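Just so you know, these numbers come straight off a predicted model, no measurement behind them. All residue numbers refer to positions in the sequence shown, counting from 1.
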Amino acid sequence: MLQIANLEVVYNRVARVLNGVSISVGDGETVALLGPNGAGKSTLLRAVTGLLPLHDGDITKGTITLGDSNLARMQPEAIVRRGVVQVMEGRRIFSDLSVEDNLLAGAHSRKDDIRAALANVYSQFPRLGERRGQLAGYLSGGEQQMLAISRALLASPKLLLLDEPSLGLSPMMTREVASLIRQIQARGISILLVEQNAAVALRLAQRAYVLESGRVVLDGASGTLLEDPDFKEFYLGHGSGTATARNFRDVKHYRRRRRWLS
């Protein structure tokens, strides 16, 4: 499916954000991309979907291939036609359009019966069907995320890129979004999942990569990472560092040492 090899990305011709990143996503596989803010996760998704030029970014080295297609220099609309669709961070719905018009915007590249596809969405997500004529901006945060993901599904993706799908959602709505992602997995769609909530991401993904300062510093099966002491300390909050600190001063001056960087 997706193969990224030795990818380097530079912004404004001077700021290197990705430095030799290599990852893969197999057919029907869900892969999580984890890491702190500023690690380069969203930049990686922009590189895959051809949106880097909108942010003054450029691929200076490496390859991005989907099957036999080289995506690295392809226009965004051509990438969508090849089955790569992104749900951006913050949902990015059209607030002043109705729920149905938002969905139709995602279906513009379909060749089959769009109305049948819409009916299928409404049967899967009755809440969207009940609000089809309502302005999307009046939906709750969780409903807007469902709308954004459903809009992406109407483009018939082979590979779905999800950027922080649980951001700003309540625990209950996070569980609903996770349930939606499992439904997508059951359809055999490959997923590259960027998610700050590492515990949620690893419950959904078969494998994961940890990105820091533009490099992959750790990768492996989800179950393996969940047992890794460094990963548990730095991304799940389990470990000897802040857990044993006696006060805020101890927390503030705690120096984290990652064995994968030593």
Can you tell me if S150 uses its side chain to pair, donor with acceptor, with the backbone of M146 under 3.5 Å?
yes
Would you confirm whether S222, through its side chain, and A205, through its main-chain N or O, come within 3.5 Å as a donor-acceptor pair?
yes
Main-chain N/O of T224 paired to D228 side chain as donor or acceptor, under 3.5 Å
no
Check whether T65 reaches the backbone of D68 with its side chain - one donor and one acceptor, N or O, closer than 3.5 Å.
no
Polar side-chain atom of R16 near backbone of G214 as donor-acceptor pair, under 3.5 Å
no
Keeping the roles fixed (side chain from Q75, backbone from E77), state whether a donor-acceptor pair exists under 3.5 Å.
no
Among E130, Q183, E176, E143, the one residue meeting side-chain contact (heavy atoms from CB on, under 4.5 Å) with F125:
Q183
Residue from L159, L160, L161, I184 passing side-chain contact (heavy atoms from CB on, under 4.5 Å) with S190
L159
Return yes if some donor-acceptor pair links the side-chain N/O of K41 with the main-chain N/O of L193 below 3.5 Å, else return no.
no
Are S98 and Q134 linked by a side-chain donor-acceptor pair shorter than 3.5 Å?
no
Do L153 and R187 make a side-chain contact, defined as non-hydrogen atoms from C-beta onward lying under 4.5 Å apart?
yes
Same cluster for V194 and V25 if Ile/Leu/Val/Met/Phe/Trp/Tyr side chains link at under 4.5 Å?
yes
According to the side chain to side chain donor-acceptor pair (under 3.5 Å) rule, which pairs have a member within residues 2-12, sequence neighbours left out?
Y11-T43, Y11-R46
Please check: side-chain N/O of Q206 versus main-chain N/O of T30, any donor-acceptor pairing under 3.5 Å?
yes
Donor-acceptor pair, distance only, cut-off 3.5 Å: does the side chain of Y209 make one with the backbone of V217?
no
Quick check against the 3.5 Å criterion: does R132 have a side-chain atom that pairs as donor or acceptor with the backbone of R127?
no
Thinking salt bridges, do E29 and K158 make one under a 4.0 Å N-O criterion?
no
